[in-house]
Amino acid sequence: MNDRQREFLISLDADKTRHSGRTLFEHLKGVHDLLRDWDNPTDVCLAGLFHSIYGTNTFKHQSLHDRGALVNMIGVKAELLVHHFATGDRPLFESVEDKAMRKQLMEIEAANLLEQGSTSGALRKLSRMKLSNGAKAALSGEVV
């Protein structure tokens, strides 16, 4: 995460918005850092940094509505991942036909759930998917 991205998140009150027992900013940074540590491409890491900025089916808070502003911040590919994350059928994104994009979205979902300390059945589903070695290792440590 660079200073411009950090300031953008702060301008959206991510440092004041509550999420999973702390701030949205802390959660987003944690997801980004997991994806980075798992050696994901920059676009995937940036999508993780902003993955719930439009809100999701479970996190209803929309910090941003302007897709163009996010495209300017992180690029078209990363923003498209964010948009699919916000509107997709989680956790497996089965309606996404592009296999590479689907894998990237599941990678973001794995980081999202693990970062929150989830022990949900979604993690078990994700652990059976073809994800990065880093994600697989993290999931095997968390999933019973």
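The figures here come from the full heavy-atom set of this structure, side chains too, leaving out hydrogens, waters and symmetry mates.
Ile108 and Ala47 make their closest contact through CD1-CB, 3.7 Å (heavy atoms, listed as atom of the first residue, atom of the second, distance). Closest heavy-atom contact between His84 and Leu105: CB-CD1, 3.8 Å. Between Leu123 and Ala110 the shortest heavy-atom distance is CD2-O, 4.4 Å. Residues Ser140 and Ala137 approach most closely at OG-O, 2.9 Å, considering heavy atoms. Of all heavy-atom pairs spanning Leu92 and Arg102, the tightest one is O-NE, 2.8 Å. Ser20 approaches Gln116 most closely through the heavy-atom pair CB-OE1, 3.7 Å.
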Evaluation steps, side-chain contact (heavy atoms from CB on, under 4.5 Å), between His51 and His27: CA-CA 10 Å; His51 72 277; His27 170 63; 3.2 Å; yes

Arg36 and Met1: CA distance, side-chain angles, deciding distance, side-chain contact (heavy atoms from CB on, under 4.5 Å) verdict: CA-CA 10 Å; Arg36 181 201 59 213; Met1 171 182 3; over 6 Å; no

Worked check of side-chain contact (heavy atoms from CB on, under 4.5 Å) between Thr23 and Lys16: CA-CA 6 Å; Thr23 68; Lys16 296 178 179 95; over 6 Å; no

Chi angles and distances behind the side-chain contact (heavy atoms from CB on, under 4.5 Å) call for Phe25, Arg6: CA-CA 9 Å; Phe25 180 87; Arg6 180 186 333 278; 3.8 Å; yes

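Two residues are said to be in side-chain contact when any heavy atoms from C-beta on lie closer than 4.5 Å; Lys130 and Lys136 fail this criterion. By the 4.5 Å heavy-atom criterion applied to side chains, Gln5 and Leu46 are counted as neighbours. With contacts defined as side-chain heavy-atom distances shorter than 4.5 Å, the pair Met101/Leu80 qualifies. When side chains are defined from C-beta on, Asn112 counts as touching Glu109, because their heavy atoms get closer than 4.5 Å. With contacts defined as side-chain heavy-atom distances shorter than 4.5 Å, the pair Leu126/Glu107 does not qualify. Side-chain contact check for Leu24 versus Ser52: some heavy-atom pair is nearer than 4.5 Å. Looking at heavy atoms from C-beta onward, Ile53 lies in side-chain contact with Leu9 at the 4.5 angstrom threshold. Side-chain contact between Phe8 and Leu70 is present, with heavy atoms from C-beta onward closer than 4.5 Å.
Around CG of Asn2, the count of heavy atoms belonging to other residues, nucleotides or ligands within 6.0 Å exceeds 12.
To the nearest 0.5 Å, the span separating CD1 on Ile10 from CD on Glu7 amounts to 5.0 Å. Atoms CG and CG, on Asn40 and Leu131 in that order, are 9.0 Å from each other to the nearest 0.5 Å. If you take CE on Met129 and CG on Leu139, they are separated by 11.5 Å, rounding to the nearest 0.5 Å. Rounded to the nearest 0.5 angstrom, Leu113 CG and Lys125 NZ are separated by 11.0 Å. If you take OG on Ser127 and CE on Met106, they are separated by 11.5 Å, rounding to the nearest 0.5 Å.
Between Tyr54 and His83, the ring-plane angle classifies as perpendicular under the 30° and 60° cut-offs.
Sequence neighbours left out, the pairs with a member in residues 86-121 that pass ring pair (Phe, Tyr, Trp, His ring centres under 6.0 Å) are Phe85-Phe93.
Between Lys77 and the choices Val44, Val71, Asp43, the side chain to side chain contact (heavy atoms under 4.5 Å, CB included) rule is met once, by Asp43.
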